[in-house]
There are 2 protein chains.
Amino acid sequence: MNKAAYHHGDLRTALLEAADTLLAEQGAAGLSLRAVAKRAGVSHTAPYRHFRDKAALLSALAAEGFRLLAEGLEAAAARHVDDPARQLKEAGRVYVTTALAHPQRARLMFGGNVALSDHDPVYQAAGERAFNGLQQIIHAGQAAGVFRDDPVRPLALSLWSAVHGLVMLLLAEQIGDVPAGDPARVATMISWVTEVTLSGVLHRDSPGNS
Amino acid sequence: MNKAAYHHGDLRTALLEAADTLLAEQGAAGLSLRAVAKRAGVSHTAPYRHFRDKAALLSALAAEGFRLLAEGLEAAAARHVDDPARQLKEAGRVYVTTALAHPQRARLMFGGNVALSDHDPVYQAAGERAFNGLQQIIHAGQAAGVFRDDPVRPLALSLWSAVHGLVMLLLAEQIGDVPAGDPARVATMISWVTEVTLSGVLHRDSPGNS
DNA sequence: ACCTGAACACCGTTCAAGT
DNA sequence: ACCTGAACACCGTTCAAGT
């Protein structure tokens, strides 16, 4: 753990850790590559050995976030395999709480401000994996007769949009009476959105929803 | 329209126009106050006569975006007063298309990266106005027996989240097969999301949706 | 009131150079 | 291979000064 060892072969990790700390403190806008290098105890040009430019470092940070999110979603789905509706609700809950646990990272991941679409295959991979998982749950729910027998893609996109939208509204503090910090109120909103999206808005003669 | 007149009393507007152009071209990250000043034909310190700092300029830009969006939503709602479901679908369409028509401005408005929450009352006002309008539509729909008789706020939040989430996913180019530029595919997705959110995902014995 | 130019403390990135 | 220090062209912001 001495300086020489720390900066020997593991500088990339050290830079990512430093960047993650600074990101959480000040957001992506206030994060400077020079500050990251300084925090890692290295000259301000050293990062260029490991990242093509600043965007590449932020990109790596976002990629890690997508990986963690995908894992959390899969774990949530694995917990209630025989109850598709519950799987969706739990996955939605994990999606929102994971993002809000690291708001600056989530803004980085979802804000679309970094050149994340720079063909870094990690995003595509994580996104596709998550979306495929979602579609599989829906398919299972249809096979079990719990979900409507509509085409899967519209259903999946709607669920994803609803949960993603809630995250973004909370992150941007655009929901009037919620200062984005109250976990209980956030939990309530998650329930609202997932349950309404599952049940729909239109009037129905035979409710039958939990 | 000579230089002297242009920079006389209307520099604020000129700066906002220059900033809007640069924003559309390069995004908020690549927008420099000095470039805005240069484009407006003025020294790089002149903007400080009209905006406290760079964030204030961006904030004004976002505020204008919220105002335009709120107007569009109200116009859409006014077009189909006697058909609440149609009002919601049309408002959703306007929400998505307006944002995608000026993607960089939308990222600025919704990304949560600018200090928009700096108590600029315009955001709160525009947001509340839009949300209240949404709740009124739902209320009318319930009175007409078209919508479920559930509490209004969860229904409103769910619709808002779904449409907002679709916008953000498209803006971040996080939807696998849509390069965010194809209007026909975007229109399809809007229909999917609004209709599924209205009808729900769960199986229902008596469909009855349009 | 409104604008300017110099100045300050930062940036990201490049490049020759050191080990 | 990996890191450094100087250098370049930018930033946002402040401030004394001009009209």
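Here is the naming used below: chain letters follow the sequence lines, and residue numbers restart at 1 for every chain.
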- Base-pair string, DNA chain D, Watson-Crick plus G-U, cut-off 3.5 Å on both distances, | for inter-strand, is ||.|||||...|||||.||

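For A:Gln142 (side chain) and A:Asp150 (main-chain N/O), a donor-acceptor pair under 3.5 Å exists by modelled atom type. Side-chain atoms of B:Gln26 never come within 3.5 Å of backbone atoms of B:Ser32 as a donor-acceptor pair (strictly under, hydrogens ignored). Of the possible polar contacts, one joining the A:Lys54 side chain to the A:Leu31 backbone as a donor-acceptor pair under 3.5 Å is found.
A 4.5 Å side-chain heavy-atom check between A:Lys89 and A:Leu198 finds at least one atom pair inside the cut-off. B:Leu16 places none of its side-chain heavy atoms less than 4.5 Å from the side chain of B:Glu64.
Atom pair A:Arg12:CZ and D:dA1:C1' shows a separation of 16 Å (rounding to whole Å applied). A:Phe51 places its CZ atom 13 Å from the P atom of D:dC2, with the value rounded to the nearest Å. For the pair A:Arg49 CZ and D:dG5 P, the interatomic distance rounds to 15 Å; values are reported in whole Å.
Residues B:Leu15 and B:Ala40 come closest through the heavy atom pair CD2-CB, 3.9 Å.
Here B:His50 does not reach the OP1 or OP2 of C:dA1: none of its side-chain N or O atoms lies under 4.0 Å away.
For the salt bridge (Lys or Arg N to Asp or Glu O under 4.0 Å) condition, the pairs that include at least one residue of residues 20-42 of chain B, sequence neighbours left out, are B:Asp20-B:Arg105.
Annotation for A:His139: atom NE2 does not count as buried by contact number, only 12 or fewer foreign heavy atoms lying within 6.0 Å.
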Could you list all N or O pairs between the protein and nucleotides 10-14 of chain D that sit under 3.5 Å apart?
residue : atom : partner : partner atom : Å
D:dC11  : OP1  : B:Ser32 : OG           : 3.4
D:dG12  : OP1  : B:Leu33 : N            : 2.7
D:dG12  : OP1  : B:Lys54 : NZ           : 3.3
D:dG12  : OP2  : B:Leu33 : N            : 3.1
D:dG12  : OP2  : B:Arg34 : N            : 3.2
D:dG12  : N7   : B:Arg34 : NH1          : 2.5
D:dG12  : O6   : B:Arg34 : NH1          : 2.9
D:dT13  : OP2  : B:Tyr48 : OH           : 3.0
D:dT13  : OP2  : B:Lys54 : N            : 3.1
D:dT13  : O5'  : B:Tyr48 : OH           : 3.3
D:dT13  : O4   : B:Arg34 : NH1          : 3.3
D:dT13  : O4   : B:His44 : NE2          : 3.3

